[in-house]
Peer 1: 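Handing you a structure now.
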Amino acid sequence: MPVPLASEECVTILGTNGSLDHKHGSSASDMLRFSGGNTGNLLFQYAASELISNQKKYVGIAALAYSDPTAFKDSRYFVFPAANHLRTDVDWSGLAGFIDSRRVPLVMLGLGAQAASNPTNDEVQRISEHAAVQELASVIRDKGVLVTVRGKFSKRVCDQLGIESEVFGCPSLFLNPDPKLGESIYRQLAFFKENPGQLRPAVTAAAPFELADEERRRRLEGRLYGWVIENDGLYVQQSGGDDVIAFTMNPQSKAARKTAKAVRTLLAPDVSLNRFTEGAARVSRVYWNARRWIDELKETNLAIGTRLHGNMAALASGIPGVFISHDARTDELIETMKVPYLPLEEVPDRLSDVFERVRFDPVAFDENRAQLFRQFAERMGALGLTIDAQRLTTFSSSAKS
């Protein structure tokens, strides 16, 4: 039988509890750095914090300092809510050294591999042979007692690296405790198929300057932005660099004017700069608190776009989040989590036509999510970790109904 953590024991989580509110007043640059360069990180950090009921500490640039001697005092586990860390464009030596220096076992949640669509065995080999990836993999093998990954491709890379892993998708899949969430999402999609005039969409925005050399995705993003403007929706930015985040926070400021011109060229080149910044000021959002992000999406009734965590925030809020698949990251997560999606090449010109094309099986989604949660809770319980009681009850009940 697993031994639950003693009352004086805790877990130390890398990152935050999903909120940077205590950093209010910092610059856009600082806030983006505190979030790890992408506010989507806040969402899966929030998920990890919500799912684990044990006492928690947080370590990182927005929490206890890495060098703080109290950061791991009385900690049974080091919980690492991960992203696409199996990638070849980042040097992970500092992170690997920090993990290696901690004298507690590692629990890694949601580890992913970065690749283009339809990755080949050569791509798996390329990633797994990269020196920075191998250095990180070495400490994961040594310290890891549970490693969950986002999908089959990430597991293939882990297998090649000798990392034992299990496929669970992203922890944010379990934020919404409704065991019949898929049925609810399906009913909403059906309603708006018949009543498109009542739509207020939220677009999970792509980082604009990443689109400069991708004509197909640039045209798509301009179309999505147009849907938001036409329907008084929200355009939610997660990343894109300091200038983009500063522009998102205050599109009409003098400091953001140069960025505004560049973003307008990408998203709405036929619109005057003044009209563009007026529209952006109305619809643009960036969230530094995952709970607020989820709650404010309830003011809309559909999220759509290429960004994972913007759509996961929508599902957590109980509204449809339609993923636009465009690379291996989104493809494997769609397959693992069975979320609503559209291939990039099938996104229609009109928002009202989205509902004719969305691919979604609500029964498969609900059954798969419940099964993944029960397996996840079992693996965590085997380590002595306590999982949120409400979710345990509702997902266990759904297995019997």
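Remember, it's a predicted structure, so these values are computed and weren't measured experimentally. If you read the sequence from its start, that first residue is 1, and numbering goes on from there.
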Peer 1: Taking atom types as modelled, is there a side-chain donor on R156 or N121 under 3.5 Å from an acceptor on the other?
Peer 2: yes
Peer 1: List the steps and the verdict of salt bridge (charged side-chain N to carboxylate O under 4.0 Å, His left out) for E166 and K155.
Peer 2: CA-CA 7 Å; E166 300 182 61; K155 181 167 175 55; over 6 Å; no
Peer 1: How about Q160 and Q125: does a side-chain donor come under 3.5 Å of a side-chain acceptor?
Peer 2: yes
Peer 1: When you check the side-chain N and O atoms of Q45 and T16, is any donor under 3.5 Å from an acceptor?
Peer 2: yes
Peer 1: Which pair of heavy atoms, one from A71 and one from L64, lies closest together, and at what distance?
Peer 2: CA-CD1, 3.9 Å
Peer 1: OG1/T265 to CZ/R218 distance, rounded to the nearest 0.5 angstrom?
Peer 2: 10.0 Å
Peer 1: Do other residues, nucleotides or ligands put more than 12 heavy atoms under 6.0 Å from R275 CZ?
Peer 2: no
Peer 1: Decide whether N17 and S19 meet the rule of one side-chain donor and one side-chain acceptor closer than 3.5 Å.
Peer 2: no
Peer 1: Do any pairs count as a salt bridge (charged side-chain N to carboxylate O under 4.0 Å, His left out) and have a residue in residues 9-20, sequence neighbours left out, and if so which ones?
Peer 2: E9-R76
Peer 1: Contact between L342 and P348 at the side-chain level, heavy atoms closer than 4.5 Å - yes or no?
Peer 2: yes
Peer 1: Could you state the interatomic distance from OG (S26) to CG (L20), rounded to the nearest 0.5 Å?
Peer 2: 8.5 Å
Peer 1: Which distance, rounded to the nearest 0.5 Å, do you find between the SG of C158 and the CZ of R150?
Peer 2: 12.0 Å
Peer 1: Below 4.5 Å, heavy atoms only, C-beta onward: do V59 and L14 meet side chain to side chain?
Peer 2: yes
Peer 1: Given 3.5 Å as the limit, does a donor-acceptor pair link the side chain of D331 with the main chain of S325, or not?
Peer 2: no
Peer 1: Can a salt bridge be assigned to the pair R126 and E123 using a cut-off of 4.0 Å between side-chain N and carboxylate O?
Peer 2: yes
Peer 1: May I ask you to test the L315-V339 pair for a side-chain heavy-atom distance under 4.5 Å?
Peer 2: yes
Peer 1: Verify, without hydrogens or angle tests, whether R357 (side chain) and E346 (backbone) share a donor-acceptor contact under 3.5 angstrom.
Peer 2: yes
Peer 1: Which pair of heavy atoms, one from I294 and one from A313, lies closest together, and at what distance?
Peer 2: CG1-O, 3.9 Å
Peer 1: From S128 OG over to L86 CG, what is the distance, rounded to the nearest 0.5 angstrom?
Peer 2: 9.5 Å
Peer 1: Which residue in the set Q238, E296, Q237 passes side chain to side chain donor-acceptor pair (under 3.5 Å) when paired with Y287?
Peer 2: E296
Peer 1: Do Y341 and F360 make the cut of ring centroids closer than 6.0 angstrom?
Peer 2: no
Peer 1: Using 4.0 Å as the upper bound for N to carboxylate O, is an ion pair formed by R350 and D353?
Peer 2: yes
Peer 1: Would you mind reporting whether S35 and W288 have side-chain heavy atoms less than 4.5 Å apart?
Peer 2: yes
Peer 1: Indicate whether the side chain of Q134 and that of S138 have a donor and an acceptor atom separated by less than 3.5 Å.
Peer 2: no
Peer 1: Test salt bridge (charged side-chain N to carboxylate O under 4.0 Å, His left out) on R87 and D89; report intermediate values, then the result.
Peer 2: CA-CA 6 Å; R87 55 194 295 177; D89 57 347; 2.7 Å; yes
Peer 1: Apply side chain to side chain donor-acceptor pair (under 3.5 Å) to residues S272 and N274 and explain how you reach the verdict.
Peer 2: CA-CA 6 Å; S272 70; N274 285 342; 5.9 Å; no
Peer 1: Is there a side-chain contact between K143 and V104 in this structure, where contact means two heavy atoms from C-beta onward sitting under 4.5 Å apart?
Peer 2: no
Peer 1: Find out whether L302 and L199 are in side-chain contact, i.e. whether some heavy atom of one side chain is under 4.5 Å from a heavy atom of the other.
Peer 2: yes
Peer 1: Would you name the heavy atoms of A260 and T277 that are closest together and state the gap between them?
Peer 2: CB-CG2, 3.8 Å
Peer 1: Would E210 and R217 pass as an ion pair if we require N to O under 4.0 Å?
Peer 2: no
Peer 1: Which heavy atom in G37 sits nearest to a heavy atom in S239, and how many Å separate them?
Peer 2: O-CB, 3.3 Å
Peer 1: Does the side chain of T12 pick up a donor-acceptor pair with the side chain of S75 at under 3.5 Å?
Peer 2: yes
Peer 1: Backbone N or O of R257 within a donor-acceptor pair of the K261 side chain at under 3.5 Å?
Peer 2: no
Peer 1: What do the steps show when you test E378 against R374 for salt bridge (charged side-chain N to carboxylate O under 4.0 Å, His left out), and what is the final call?
Peer 2: CA-CA 6 Å; E378 180 182 328; R374 291 191 295 270; over 6 Å; no
Peer 1: Is the backbone of N54 close enough, under 3.5 Å, to the side chain of K56 for a donor and an acceptor to pair up by distance?
Peer 2: yes
Peer 1: Pick from N301, V283, L351, T300: which one makes a side chain to side chain contact (heavy atoms under 4.5 Å, CB included) with N231?
Peer 2: L351
Peer 1: Roughly how far apart are D122 CG and I127 CD1, rounded to 0.5 Å?
Peer 2: 11.5 Å
Peer 1: Does the side chain of F80 come within less than 4.5 Å of H85's, by heavy atoms?
Peer 2: yes
Peer 1: Could you state the interatomic distance from OG (S284) to OH (Y225), rounded to the nearest 0.5 Å?
Peer 2: 5.5 Å
Peer 1: Have R291 and Y46 got a donor and an acceptor in their side chains that come within less than 3.5 Å?
Peer 2: yes
Peer 1: Judged by atom type as modelled, is there a donor-acceptor pair below 3.5 Å linking the side chain of E50 to the main-chain atoms of L175?
Peer 2: no
Peer 1: Would you confirm whether the ring centroid of F376 sits within less than 6.0 angstrom of the ring centroid of F395?
Peer 2: no
Peer 1: Dump the intermediate steps for side-chain contact (heavy atoms from CB on, under 4.5 Å) on L136 and L95, then the final yes or no.
Peer 2: CA-CA 8 Å; L136 181 60; L95 175 62; 4.2 Å; yes
Peer 1: Within the side chain of S165, is there an N or O that forms a donor-acceptor pair under 3.5 Å with the backbone of V147?
Peer 2: no
Peer 1: Check whether any side-chain heavy atom of M380 lies under 4.5 Å from a side-chain heavy atom of T386, and answer yes or no.
Peer 2: no
Peer 1: Determine yes or no for a side-chain-to-main-chain donor-acceptor pair under 3.5 angstrom, with H309 supplying the side chain and L43 the backbone.
Peer 2: no
Peer 1: Mind listing the closest non-hydrogen atom pair of G151 and T336 along with its distance?
Peer 2: CA-OG1, 3.2 Å
Peer 1: Check the pair V107 / L383 against side-chain contact (heavy atoms from CB on, under 4.5 Å), numbers first and verdict last.
Peer 2: CA-CA 9 Å; V107 175; L383 298 175; 3.8 Å; yes
Peer 1: Is the side chain of R264 donor-acceptor paired with the backbone N or O of V271 at a distance under 3.5 Å, no angle test?
Peer 2: yes
Peer 1: Please indicate whether K258 has more than 12 foreign heavy atoms, meaning atoms of other residues, nucleotides or ligands, lying under 6.0 Å from its NZ.
Peer 2: no
Peer 1: If we count only N and O atoms by modelled type, under 3.5 Å, do the side chains of D68 and T70 hold a donor and an acceptor together?
Peer 2: yes
Peer 1: For the residue pair F373 and F174, categorise the inter-ring angle as parallel (less than 30°), tilted (30 to 60°) or perpendicular (more than 60°).
Peer 2: perpendicular
Peer 1: Given 3.5 Å as the limit, does a donor-acceptor pair link the side chain of D388 with the main chain of L51, or not?
Peer 2: no
Peer 1: Please indicate whether Y186 has more than 12 foreign heavy atoms, meaning atoms of other residues, nucleotides or ligands, lying under 6.0 Å from its OH.
Peer 2: no
Peer 1: Does a salt bridge link R282 with D232, judged by any charged N lying under 4.0 Å from a carboxylate O?
Peer 2: yes
Peer 1: At their closest point, which heavy atom of A113 faces which heavy atom of F153, and how far apart are they?
Peer 2: CB-CE2, 3.6 Å
Peer 1: Within the distance-only criterion (no hydrogens, no angle test), does the side chain of K57 pair as donor or acceptor with the backbone N or O of K73 below 3.5 angstrom?
Peer 2: yes
